[in-house]
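Note that the structure is predicted; figures quoted are calculated from it, not measured. The chains referred to below are lettered A, B, ... by the order of the sequence lines, with proteins before strands, and numbering in each begins at 1.
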Amino acid sequence: MWSAYYRQIWQTVLAIPPGKVASYGQIADLAGLPGRARLVGKALGLSPEPLPWHRVLRSNLTLAFAAGTADALLQRSLLLEEGVIFQGQRVCAHYRWQPDLSELLFSLQY
DNA sequence: AAGTTGACCAAAT
DNA sequence: TATTTGGCCAACT
């Protein structure tokens, strides 16, 4: 039995298209939880089912995990598989997910 | 009940 | 571009 907050967060993360990335704060906003970026990180770790968690990163486009850790390496390779290119520690800015209205409405069809 | 923590963020410096 | 600062708030000590 999960908090409604987490469900909203998970749903929003699922709406991120492959090959795109979003920030924690952005997910929080889209999920109707402005200012609660930290809750997003928490929710990702508690997800009961597979999520495209690797598409979520910090607002400065760096990974949330410390460089060199197993988690960071995994996230990096998952993104590379989707065609996301890195410049040093951060992903190129043009991979940022910029949802338009119809895309958001579609993701809310339930 | 009170203090700490965290897959964060924006603004100022 | 990097670091600091203050803010955020649900979950845990």
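If you find the closest nucleotide of DNA chain C to Lys42(A) and to Gly35(A), the one lying nearer the 5' end belongs to Gly35(A).
Rounded to an integer number of Å, the gap from Gln26(A) CD to dA10(B) C1' is 15 Å. For the pair Ile9(A) CD1 and dC9(C) C1', the interatomic distance rounds to 12 Å; values are reported in whole Å. Leu78(A) has its CG atom 15 Å from the C1' atom of dA7(B), to the nearest Å. For the pair Arg38(A) CZ and dA10(B) C1', the interatomic distance rounds to 14 Å; values are reported in whole Å. The distance between atom CZ of Arg58(A) and atom C1' of dA10(B), rounded to the nearest whole Å, is 15 Å. Asp29(A) places its CG atom 12 Å from the C1' atom of dA10(B), with the value rounded to the nearest Å. The interatomic distance linking Leu39(A) (CG) with dC9(C) (P) rounds to 10 Å, in whole Å. At whole-Å resolution of the value, CZ in Arg90(A) and C1' in dT1(C) are 8 Å apart.
Each of dC9(B), dA2(C), dA7(B) was ranked by its minimum atom distance to the side chain of Leu44(A); first place goes to dA7(B). For Tyr24(A), counting side-chain heavy atoms from C-beta on, the closest listed nucleotide (dA11(C), dC9(B), dA2(C)) is dC9(B). Among the nucleotides dC9(B), dG7(C), dA10(C), the one closest to any side-chain atom of Tyr5(A) is dA10(C).
In this structure, Glu82(A) does not pair ionically with Lys20(A), as no charged nitrogen and carboxylate oxygen lie closer than 4.0 Å.
The closest side-chain donor-acceptor pair between Thr69(A) and Asp71(A), if any, does not fall under 3.5 angstrom.
Residue contacts shown for Arg36(A) are limited to sugar-phosphate atoms, with no base heavy atom under 4.0 Å away.
The phosphate of dC8(B) (OP1 or OP2) has no side-chain N or O of Ser59(A) nearer than 4.0 angstrom.
Cation-pi geometry between Arg36(A) and Tyr5(A) is met: under 6.0 angstrom from the ring centre, within 45 degrees of the axis.
To the nearest whole angstrom, the two C1' atoms, one in dA1(B) and one in dC12(C), are 14 Å apart. Distance check on atom C1': dC8(C) versus dT5(B) gives 13 Å, rounded to whole Å.
Expressed to the nearest 0.5 Å, how far CZ of Arg96(A) lies from CG of Leu57(A) amounts to 8.5 Å. A distance of 10.5 Å separates CZ in Arg58(A) from CD in Gln89(A), rounded to the nearest 0.5 Å.
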